[in-house]
Each structure stands twice: as structure tokens, then as C-alpha cells.
Amino acid sequence: MSKAKDSEKQKQVAVKVEALLKKMSLEEKVGQLNQVGGAAFSPGPAAEDQIRKGGAGSVLWLNDTKKFNELQKIAMEESPSGIPLLFALDVIHGYRTIFPVPLAMAASWDPNVPEKTQTIAAKEARAAGLHWTFGPMLDICRDPRWGRIVEGAGEDPYLGSAMAAAQVRGFQGDDLSDSERVLACAKHFAGYGYSDGGRDYDPVYLSEAQLRNIVLPPFKAAADAGVATFMSAYMDLNDVPATGNRWLLRQVLREEWGFDGFLVSDAFAVGNMVIQHHAKDKREAALRGLKAGMNMDMSSYTYTENAAQLVADGALTEAEIDELVRPILTIKFKMGLFEKPYVDETLLEKVIALPEHRTASRWAAQRSMVLLRNEGGLLPLSKDIKKVSVIGPVADSMQATEGSWMVFGHTPAAVTVLEGIRAKLPNAEVTYASGPEIRRDIPSWFESLMAGQERKPEQTPAESESAFQSALEVAKAADQVIMVLGETDVMAGEAASRASLDLPGRQEELLKAVSALGKPVVLVLLNGRPLSINWAAENVPAILEAWEPGTEGGNAVADILFGDANPGGKLPVTFPRKGSHAPLYYARNMTHSPEGSPMYNPRYWDGLPVPLYPFGFGLSYTTFEFSNLKVSAEKIKVGASLTVTVDVTNTGKVAGDEVAQLYIHQQYGTDTRPIRELKGFERITLQPGEKKTVTFSLGANELTYWSSNAGKWIQDPASFDLWAGSDSQASLHAEFEVTS
Ligand code: NOJ
């Protein structure tokens with residue numbers, strides 16, 4: 001839309017909003033700030049009565065097209081001002097067609113992947129009657145013990161920002177009135193990925209420099225991409241619950257970034273300010289939330305119970321309530337919901353049947369997978385192979401293939417790895433054994449929401465042993481073994497943190513026993529977080545990190561194993577050797593006792609905390625060479641830009657993708673800066689022998705940082721190192737200087 005037309009439309013919307021606000025009662029205004037829980041487990045008064053009274057602005061946790069229309073009809077025809085509802089649900093990596101989990105999509109290092117898949121997710125969700133998804137999740141996480149690492153883009157703010165903007169574009173498009181899109185929600189604002197010890201919900205302590213340089217950039221990128229809504233995080237950020245954190249919600253988000261959409265709390269989080277020992281009671285919690293600028297209360301009913309009284313008591317003005325209601329109404333008008341509140345109940349079946357959705361799921365999964373090891377070029381395997389055994393507890397699990405967030409009536413429907421391999425090899429004998437089961441030691445209530453997760457009785461030691469032995473028997477009879485190990489869908493995600501990063505259960509024991517048979521073994525990992533596969537990394541010749549790859553996951557794995565696709569993904573997060581080494585990340589600062597120095601002191605005496613696989617790492621079926629790293633200027637002035645070029649050549653025998661990565665290091669300055677920081681990347685495809693020159697730009701955006709010492713954004717005159725290559729340990733080096 002042209003700028004002039006857009007601003008004209010905005011003016012018209014503003015007029016409508018003011019007219020509507022004028023006729024609304026205070027109770028109705030407060031109702032717009034209330035999000036009603038629609039699912040059975042949610043507390044609070046019956047949704048329909050709330051809506052009829054004008055007491056609801058939005059409904060969540062409901063996934064029922066017919067019911068959406070029924071509730072909308074009540075809102076439109078029976079509530080005092082006839083304001084349409086927003087139906088919201090967590091559509092995190094697909095609605096019916098499931099795509100790789102966000103961590104996997106980040107591993108594609110290709111923003112087209114999340115943009116395209118979230119466009120499809122939006123189209124399906126909207127066809128189901130939803131208006132709003134609670135994604136993208138933008139929490140930078142450097143501690144893979146934290147279960148929710150699966151929902152984000154990993155450890156890096158630069159990569160995370162690119163993925164953030166891409167997801168917003170995918171979900172929302174560029175016009176909120178597009179009836180094939182949904183509102184996006186940047187969450188969890190902010191710092192949730194930094195909980196103490198990686199324990200979900202635990203408090204977070206971050207300096208302003210960490211927040212501004214590491215945690216906030218993806219949120220800023222989402223705001224710049226026009227994200228319509230933000231969700232506050234659950235935990236305390238520096239002793240203030242994020243939901244009532246005025247500095248974050250008002251100063252940073254509204255004043256500095258100019259965000260004009262609306263905020264929703266995380267579930268029950270406004271009321272939780274009482275549990276968190278911040279507010280004395282729910283009345284005070286409401287006051288804190290409202291004063292902090294938290295527009296919508298997700299299902300704690302703290303606003304509906306207290307806001308009108310707060311105004312009556314003079315603790316809050318009606319104008320302050322209006323200020324919070326305004327952006328919610330504005331978005332409803334912009335979406336065209338007043339004119340077109342209902343969904344065509346026949347649409348969803350047509351939309352989900354579109355073949356391009358499954359094609360996109362397979363493509364996204366292929367692009368997300370990371371080849372971690374391939375000794376002697378074991379992969380790709382030949383399709384002429386006669387007897388293959390597929391072994392492991394997640395090899396034939398639809399749930400593990402689809403991954404986290406398959407909740408609220410979702411029916412698992414993924415092609416498993418076993419099925420994908422069978423489809424790829426119609427003439428081979430493909431045998432299968434699951435081996436011993438894997439399960440969480442301690443279940444969570446969240447688990448009960450996941451599709452198909454009825455908790456079965458635990459295997460007895462005898463049953464486990466018998467499953468172990470039959471897996472060995474199956475492996476013995478094969479020419480090629482494919483082990484599919486990792487985690488189930490409920491082992492990563494919300495309330496799914498763990499202290500260890502080892503393969504759960506007896507998986508490693510089984511891997512060792514199968515490897516001892518002397519057959520060629522390939523390991524495929526299905527998991528939502530880095531795992532410490534130290535033994536495998538040295539003893540299993542080929543390892544493919546397939547993550548939780550989605551509906552077409554099994555086909556995509558088979559495509560890669562048998563050479564119909566060449567892996568080109570790269571790790572968006574460091575793989576540590578132990579959970580207790582976390583947080584471990586590449587962008588750390590130099591210390592007074594660095595490795596290699598004469599007075600070097602090991603960080604731990606019981607094992608060096610060096611990565612098992614570094615950030616940015618991933619192999620291909622071909623090889624690449626980086627050369628000719630050049631800067632356009634050896635010196636530039638503060639504020640100016642330079643260009644960096646590097647040649648990438650495919651030196652192998654097949655076509656493949658490489659991700660050219662650019663890292664910088666400021667050698668000294670007002671603050672110490674990380675030894676490496678990603679400041680550019682591009683995924684390219686090269687034919688055998690082909691060479692491409694990749695160009696990056698470095699300027700004030702890349703070289704400015706929030707300084708603890710100065711208490712503001714600065715760009716230092718300083719010397720910089722530069723590296724370009726295929727991962728965060730790239731050695732091709734150049735330098736440049738920034739002068740004042
Ligand atoms: C809690 C989770 O933290 C959040 O990510 C999610 O969007 C809401 N519940 C709604 O389901």
C-alpha cells in the first residue's frame with residue numbers, strides 16, 4: 001500500500017476508534033483488555049457470558065471453527081457495542097501442516113524458510129477462524145538445558161533478528177487486512193531465555209548491556225517489521241516481573257521503539273504478580289499491569305475484577321484505560337473484522353489440502369537439517385541397499401517428528417523417519433525396532449496437553465532389556481543400520497528443562513551395542529535442543545541432526561540420507577559436551593587468562609568446556625573453500641560503512657549449499673566486546689567447481705553497541721578483526737580500523 005493511502009486509512013481508523021470509545025461503557029472498555037480462556041482447563045467464568053456482557057476482547061485456547069462463529073455472533077449481535085473478538089492460539093510452527101520447529105528453521109540460516117512456512121501456517125490458521133498467533137518466540141538462549149530453546153532461533157542476536165523479521169513477515173504479510181494472514185506476537189518480552197540454571201520460569205538477571213546487545217535485538221527487529229502485538233515474559237527481570245515492568249514496556253517498547261500495537265501478558269501473568277510476591281493482592285496486580293502499559297490480561301481476570309473499581313477509587317483514570325483499549329480496537333478495525341467477523345466454515349478443508357503446503361514442509365525440513373559428521377563419505381547411502389534396519393525410540397514416532405506445541409486438539413500426522421525410509425526404498429527390506437522406551441523422569445501438566453501423550457505404564461527392567469535385545473537382533477540382520485535417537489516432543493518445550501544434555505534413557509548404551517556389531521551405522525537425531533553426543537561424535541561415522549522436522553520430516557530425512565537432497569543447515573546454537581558446561585556460547589568476552597597464554601588456567605579441571613560442535617557448524621556432501629577476503633577500505637570514520645567480500649568455491653563433486661558467515665571483533669574500546677560476533681551471513685548454492693563472491697556491508701548498525709561504561713549506544717574508534725568462513729571458528733582473517 002502506498003504511504004499516502006496508508007496514512008489516510010490510518011486516519012479513518014483513528015476516527016472510528018474514537019467514535020466507538022465514546023459510546024463504550026467503562027466495563028466494556030475493561031472487557032476489551034480481557035482475554036478469555038476457551039479451553040476446558042482454563043479457569044474463569046464461562047466464556048459466552050463474558051462475551052455477551054462485552055467482557056472479552058479476545059478468546060484463546062479454543063480451536064474449533066464452528067464455535068468461533070458462534071462466539072463471534074454473540075459478540076457482534078448481543079454484546080453492547082458489537083465489537084468482534086480476536087481468536088488466538090499458539091500456531092508456532094504450523095497449524096495442520098507442521099513445519100520444523102523454530103530452532104530447526106533457524107538452522108536453515110535462510111530467512112525464506114520461516115517466512116514461507118509461517119505464511120502457510122497463517123493461511124491455514126486463518127482458514128480455521130484464528131486471527132492471532134502467539135509467535136514468533138524470540139528469546140535468545142545460551143543454555144540448552146532450558147526446554148524452550150526449541151521455540152526460538154538459538155543463541156545469536158544477529159541470526160535471531162533475521163529469523164524474527166522473517167517470521168513476522170510470514171505471519172502478518174504487509175497489510176493487517178489480508179484475510180490469509182494472522183497477527184503475530186513477539187514473545188516473551190524479555191529475557192526469558194536467560195533463567196537461572198536454564199530452569200523454566202526461574203528469575204532472570206541481566207545487565208542493561210546484555211539486554212540491549214543480546215536479548216532485545218530480535219524484538220526490535222520484530223517491531224521494525226511491524227509486529228502487531230507483544231507478549232510479556234513470565235519471570236522476574238532484575239527483580240521486577242516482566243508483565244509489570246514499566247521500563248521495558250513503556251520506555252523501551254513504546255517510547256524508544258515507537259511500538260503502536262498492543263501487549264498481552266503471558267497466561268495468568270498479571271495475576272501471577274501476586275504469586276511472585278510483587279503485588280500485595282490482585283487489585284494491586286491490576287494496577288501495576290495497567291500502569292506499566294500491559295494492554296491485555298491473558299486469562300487471569302485480574303483486570304475485569306479490579307480495573308473499574310480502580311477508576312472509581314481514583315487510582316487510575318478512564319483516560320488511562322482508553323489509552324490501553326485504543327490499540328486493540330485499532331487493530332480490529334485494521335483487520336477488517338467489523339465488516340467481516342465470521343469465517344467460512346468450509347474453507348479450512350480446502351486450504352489444508354493444498355499440495356504446496358506439504359511440499360513446503362519437506363523443503364523446509366531438508367533445509368533445516370545439519371550434517372554433523374560424515375567420515376569417509378558414508379552418506380549419502382545408496383538406494384540399491386538391500387537390508388536396512390531402522391532402530392530407536394523416536395524412529396517411528398509421529399509426535400517426536402512433529403515436535404513441540406502440538407496441542408489443543410491437534411492430531412499427529414507426520415511421516416516418521418521409518419516411513420520416510422520405507423517410501424524411499426520400495427525394493428529393500430526395511431526392518432524396525434524401537435529399543436527401550438524413553439520418558440521424562442518427572443511429567444509436567446503441560447505434557448497432558450500434547451497430542452497423543454497418554455502416559456503409559458513405565459517399562460519394567462525386564463521389558464526394557466527385552467526391547468534392547470530385540471533391537472540388537474534386528475540390527476544384526478541388516479547391511480546398514482540407521483539409528484534414530486533423541487528426545488520425544490515433551491522433552492523440550494515449556495516446562496521441559498533438564499539438567500543433563502545426554503541422550504535420555506538407554507539410547508547411548510544401545511548405540512554402543514549396535515555399533516559394536518561392526519555394521520555401518522548412521523545416527524539421525526530428532527530433538528529440540530543441543531545434545532551432548534560425545535561418544536557418537538567420535539565413534540559413529542555419520543550423524544545427521546534432523547531436529548523436530550514436522551509433517552514431512554521422515555521424507556526429508558530419507559531425501560538427505562539417500563542423496564536426493566544435500567544438507568546445508570548450520571547450528572544456530574553451540575553444542576556443549578555437558579549440560580553443566582552451559583551457558584556455553586561463541587560470543588564471549590576475552591579474559592585475563594585466555595587459552596594459549598603462558599599463564600593459562602583451565603576453566604574447569606575436570607574437562608575443558610569447549611564446544612562439541614561450534615555455533616554455525618554444519619557439513620555438506622560437497623566441500624567449500626573460502627578465499628580472497630577483502631575490505632573495501634582499511635580505515636573508515638565512525639558512522640561510515642565498508643564492504644567486505646569473500647569468494648566461496650565448491651571444491652567437491654556435487655552441488656551444495658554453503659552459508660557464508662561474517663564475524664567481527666572489536667580489539668579494544670570503551671567496553672570489552674565479544675571475541676567474535678556474527679554480523680553477516682548468506683546461504684548460497686554452488687555447482688561443483690563454481691565460485692561466488694559474497695558481499696557484506698559493515699557500518700554503524702553493525703559496529704554500534706550499548707556501552708555499560710557510557711550508559712548509552714556508542715560506536716568506538718577502534719581496530720577490528722574480521723573473519724569469514726563456514727562457522728564461528730572460521731580462520732580466514734582481515735582487519736580494518738574505525739577512526740574518529
Ligand atoms: C504460556 C506460554 O509461555 C506462552 O508462550 C503461550 O503463548 C501462552 N501460554 C498461551 O498458550
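Start at 1 and go down the list; that is how both ligands and their atoms are numbered.
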Looking at [X] versus [Y], is the centre-to-centre ring distance below 6.0 Å?
{"X": "F333", "Y": "F338", "answer": "yes"}
{"X": "W547", "Y": "F99", "answer": "no"}
{"X": "F68", "Y": "W132", "answer": "no"}

**Message:** Between E256 and R212, does any side-chain N to carboxylate O distance fall below 4.0 Å?
**Reply:**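 Result for this pair is yes, salt bridge flagged.
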**Stepwise side-chain hydrogen bond (donor to acceptor under 3.5 Å, both in side chains) test for H410 and E402** = CA-CA 11 Å; H410 174 76; E402 284 182 339; 3.0 Å; yes
**Residues that K29 engages under salt bridge (charged side-chain N to carboxylate O under 4.0 Å, His left out), provided they are two or more places apart** =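 Applying salt bridge (charged side-chain N to carboxylate O under 4.0 Å, His left out) to K29 gives E318, D322.
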Atom pairs, nitrogen or oxygen, ligand 1 to protein, under 3.5 angstrom:
residue  : atom   : partner : partner atom : Å
ligand 1 : 3 (O)  : R148    : NH1          : 2.6
ligand 1 : 3 (O)  : D266    : OD1          : 3.4
ligand 1 : 3 (O)  : D266    : OD2          : 2.5
ligand 1 : 5 (O)  : R148    : NH2          : 2.8
ligand 1 : 5 (O)  : K187    : NZ           : 2.8
ligand 1 : 5 (O)  : H188    : NE2          : 2.7
ligand 1 : 7 (O)  : D90     : OD1          : 2.5
ligand 1 : 7 (O)  : K187    : NZ           : 3.0
ligand 1 : 9 (N)  : D266    : OD1          : 3.3
ligand 1 : 11 (O) : W61     : NE1          : 2.9
ligand 1 : 11 (O) : D90     : OD2          : 2.5

